[in-house]
Amino acid sequence: MKQKPRVAIFDFADCEGCELEIADLEEEILSLLEIVDIVSFREVMKEHSDSYDIAIVEGSIMRPMDEKRLRDIRSKAKILVALGACATIGGVNKIRNQWMHDEVVRAVYGDAPVQRNELFNVSKTKAINEVVPVDYYIHGCPIDRDEFKHVITALALGKKPEIPRYPVCVECKKNENICQFELGAYCLGPITRAGCKAICPTHNSPCEGCRGLIKKAETECVWQVLERYNLSYEDIRRRCTMYNYGNEECQVDE
Amino acid sequence: MSNDFSIHVEHLTRVEGHGNIELDVKNGKIEKLQWNVVEAPRFFEAMLRGQQYNELRPITSRICGICSIGHSLASLKATEDALGIKITEQTALLRRLAIHGENMQSHILHIGYLAAPDLLGVGSVFPLIGSKHTDTVLKIVKLHRLANEMSDLICGRTIHPIRLIVGGFSAIPTEKQLLALRKRLEESRTATNDVAQVILSVADKLPDFTRETEYIALSHDDEYALYDGVINSTDTGKFQDYKNYQSITNEYFVSHSTAKYAKHNRKSYMVGALARFNLNSSQLHPKAKDIAKMFGLKPINCNPFMNTIAQLVEFVHSTEDSIHLIDKILERGLKEEKPVKVKVKAGRGVGLVEVPRGILIHDYTLNSKGYCTKANCIIPTNQNHANIQLDMEKMVPEIIDRPPKEIELTLEMLVRAYDPCISCSTHYLDVKFV
């Protein structure tokens with residue numbers, strides 16, 4: 001039998017919730033271990049190996065020292081997968097990019113002597129693909145466990161994992177939810193990539209756009225929605241900044 | 001006696017976030033001993049500026065994957081305090097259930113996946129599968145799944161909850177779902193007891209180390225405080241003026257750490273399950289008290305390694321109190337309630353909750369349009385960093401004659417015992433210099 005692919009999981013600036021989603025596979029993680037070998041997963045194991053085929057990278061990149069570590073991981077991995085919104089689109093970590101870098105540092109560290117301290121050498125938040133090439137994306141904040149299994153299984157079988165390119169509205173309709181716009185909320189469902197099973201609107205809460213924006217060509221409908229519910233573009237744009245600040249220029253393309 | 005050696009643990013494993021341990025010994029003398037937090041700072045409080053009152057909860061949830069329910073509740077309490085919102089009794093009961101779900105999920109994750117491998121002499125939980133401990137691992141997995149599914153049921157999702165919103169819930173479970181959960185909680189007792197027995201059988205591997213320190217937690221007149229209470233200290237007693245919490249937490253900056261440190265009456269203090277146990281153990285459920293007795297855990301216990309045991313005690317308490325809360329909710333009759341209407345106004349609000357790792361505080365100032373102008377979050381793990389450092393400084397001289405590998409493992413175990421959540425602790429803003 002062909003050798004199982006060796007998988008290593010790494011994390012940068014984030015909440016580690018997506019790694020926790022992997023741990024939350026519970027018994028299913030045992031089935032996963034039948035098709036891959038996990039050789040590094042700092043959050044739950046002490047063992048570590050630098051020899052791996054697939055690197056799964058969680059978190060945003062904030063510092064030159066982190067970029068260096070990420071490039072090193074990229075150089076060792078045959079396949080690199082970005083895990084979760086912080087890694088795929090920068091996510092909430094990008095909110096701070098709307099301020100000048102110096103201003104944020106001053107606001108946070110005041111007069112503390114951090115200028116020449118590597119730990120505090122922070123630049124603008126970057127998604128993983130702004131530093132190294134990314135092969136595949138597992139979107140979401142947090143990720144959806146079923147999508148994670150789907151992507152890893154495909155990679156273990158040497159196939160290209162497919163993920164949705166249509167908006168959350170499609171899945172929301174399938175769940176027979178009342179439209180959040182009908183309930184008076186601003187929802188990013190029309191412009192956000194599906195794959196989450198429309199979990200937020202299904203729990204009666206508007207979509208916040210954590211899986212990234214879909215391509216412009218497919219967002220025409222959002223204008224119709226805004227017009228129909230008499231909503232301003234500014235309001236919807238402001239909501240987009242929670243997960244997608246500055247992402248008009250760096251949309252995920254696969 | 002080993003004369004010269006160095007221990008450098010880079011990116012300590014089986015903890016949440018990135019921390020390093022450094023120890024240099026020359027001629028049998030400690031030259032350097034440091035617990036370093038090297039996680040990238042994330043500036044959450046800076047990012048809250050300009051966000052609307054109802055966006056503060058979803059954003060701050062993202063501070064931490066493990067305690068996102070706790071952050072959500074602290075955030076909602078701060079926002080509701082600022083806006084003068086009074087939640088309904090049903091909301092308060094359901095939120096208490098949510099916090100139990102998270103406490104159980106986080107505690108069993110730490111006890112089973114992060115701490116137990118050290119006691120059983122393995123690097124992670126994976127090698128235990130197929131060993132004589134397979135059954136125990138599967139029981140831990142089952143309990144973890146139950147706690148997560150309980151959180152899913154109440155909050156819509158365990159990691160980054162959805163249903164918790166300002167003034168109430170966006171959706172609630174049905175009576176049938178609550179009854180099914182109640183049944184599963186009852187059935188889980190056997191598995192919990194079995195896991196406790198296994199931990200007891202290796203409890204002698206927990207280092208016998210003590211250092212007196214100050215313990216701080218919330219206390220409540222009527223219950224073992226988690227969702228609500230006033231700040232309480234083993235040194236100085238209760239502190240009612242919650243909006244002035246900074247006079248207790250006194251955060252300060254150290255150059256080798258991207259997380260703030262804290263101190264109150266002494267050079268450091270400890271928060272978390274052991275602190276709560278030391279302050280409030282008389283209010284635990286009798287079944288939880290039995291577990292404490294089984295391990296000889298009595299207040300005031302000053303062995304930080306016993307924090308893991310205190311978590312086990314709390315796991316039982318949260319299981320039993322959840323059953324009690326479900327009964328109470330159903331007795332009252334479950335009602336579809338709309339969230340309390342919000343009248344936007346300017347003001348400052350502070351929310352305090354006990355999360356798995358200790359006392360968590362969110363503090364927001366809103367302008368007259370309901371947008372946040374200033375925010376501060378006090379994270380449990382920050383409050384423990386100085387205590388970890390001082391524990392190391394007392395412990396290493398006591399064990400310095402042992403092989404370096406053993407010293408390294410004991411230091412790692414010490415940090416793990418605190419169950420640190422380092423992503424949380426590097427959220428940062430408003431540094432106070434002392």
> What's the shortest heavy-atom distance between C15(A) and R62(B), and which atoms?
CB-O, 3.3 Å
> What part of I66(B) gets closer than 4.5 Å to chain A, counting heavy atoms only: side chain, backbone, both or neither?
both
> Which bit of I159(B) is near chain A, if near means a heavy-atom gap under 4.5 Å: side chain, backbone, both or neither?
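For I159(B), the contact with chain A is made by backbone and side chain together.
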> Tell me the closest heavy-atom pair linking D14(A) and R42(B), and the distance in Å.
O-NH1, 3.3 Å
> Decide yes or no for L30(A) and V141(B): does some side-chain heavy atom of the first lie under 4.5 Å from some side-chain heavy atom of the second?
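SC-SC contact between L30(A) and V141(B) ruled out.
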> Between I61(A) and chain B, with a heavy-atom cut-off of 4.5 Å, which part of the residue counts as in contact: side chain, backbone, both or neither?
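Contact with chain B involves no heavy atom of I61(A) at all.
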> Can you tell me which of I199(A), I29(A), D66(A), T241(A) forms the most heavy-atom pairs within a distance under 4.5 Å of chain B?
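Answer, by heavy-atom pair count under 4.5 Å with chain B: I199(A).
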> Run the ring-ring contact (aromatic ring centres under 6.0 Å, His included) test against F126(B) and tell me which residues pass, sequence neighbours left out.
none
> At a 4.5 Å cut-off on heavy atoms, which part of L25(A) comes close to chain B: side chain, backbone, both, or neither?
backbone
> Looking at H203(A) and I162(B), what are the two nearest heavy atoms and their distance?
CB-CG2, 3.7 Å
> Is it the case that atom NZ in K139(B) sees more than 12 heavy atoms from other parts of the structure closer than 6.0 Å?
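Counting other residues, nucleotides and ligands, NZ of K139(B) exceeds 12 neighbours.
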> Search all heavy atoms of N204(A) against all heavy atoms of S170(B) and return the closest pair with its distance.
ND2-O, 2.8 Å
> What is the distance from atom CG of L109(B) to atom CG of L20(A), rounded to the nearest 0.5 Å?
6.0 Å
> Out of curiosity, Y245(A) OH to M47(B) CE, how far, rounded to the nearest 0.5 Å?
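So the gap between those two atoms works out to 13.0 Å.
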> Below 4.5 Å, heavy-atom pairs only: which of E27(A), M62(A), E19(A) has the largest tally toward chain B?
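The option with the most such pairs is E27(A).
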> Take E55(B) and R238(A), measure what side-chain contact (heavy atoms from CB on, under 4.5 Å) needs, and give me the verdict at the end.
CA-CA 11 Å; E55(B) 290 162 355; R238(A) 213 185 62 78; 3.1 Å; yes
> Pick whichever of A13(A), C200(A), C141(A), G17(A) has the most heavy-atom pairs under 4.5 Å with chain B.
C141(A)
> Near K68(A) NZ, under 6.0 Å, is it more than 12 heavy atoms from other residues, nucleotides or ligands?
no
> Under 4.5 Å heavy-atom distance to chain B, tell me which part of R96(A) shows up: side chain, backbone, both or neither.
both
> Of the listed residues (G156(B), A171(B), P127(B)), which shares the most heavy-atom pairs with chain A below a 4.5 Å separation?
G156(B)
> Which residues satisfy the side-chain hydrogen bond (donor to acceptor under 3.5 Å, both in side chains) test with E21(A), sequence neighbours excluded?
R145(A)
> Within the distance-only criterion (no hydrogens, no angle test), does the side chain of R157(B) pair as donor or acceptor with the backbone N or O of P142(A) below 3.5 angstrom?
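Answer holds: no.
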> Hey, could you give me the CZ/CD distance between R145(B) and E28(A), rounded to the nearest 0.5 Å?
6.0 Å
> State, with a plain yes or no, whether a side-chain heavy atom of D24(A) is found less than 4.5 Å away from one of H144(B).
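Contact flag for D24(A)/H144(B) side chains = yes.
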> Within the 4.5 Å heavy-atom criterion, are C210(A) and H160(B) side-chain neighbours or not?
no
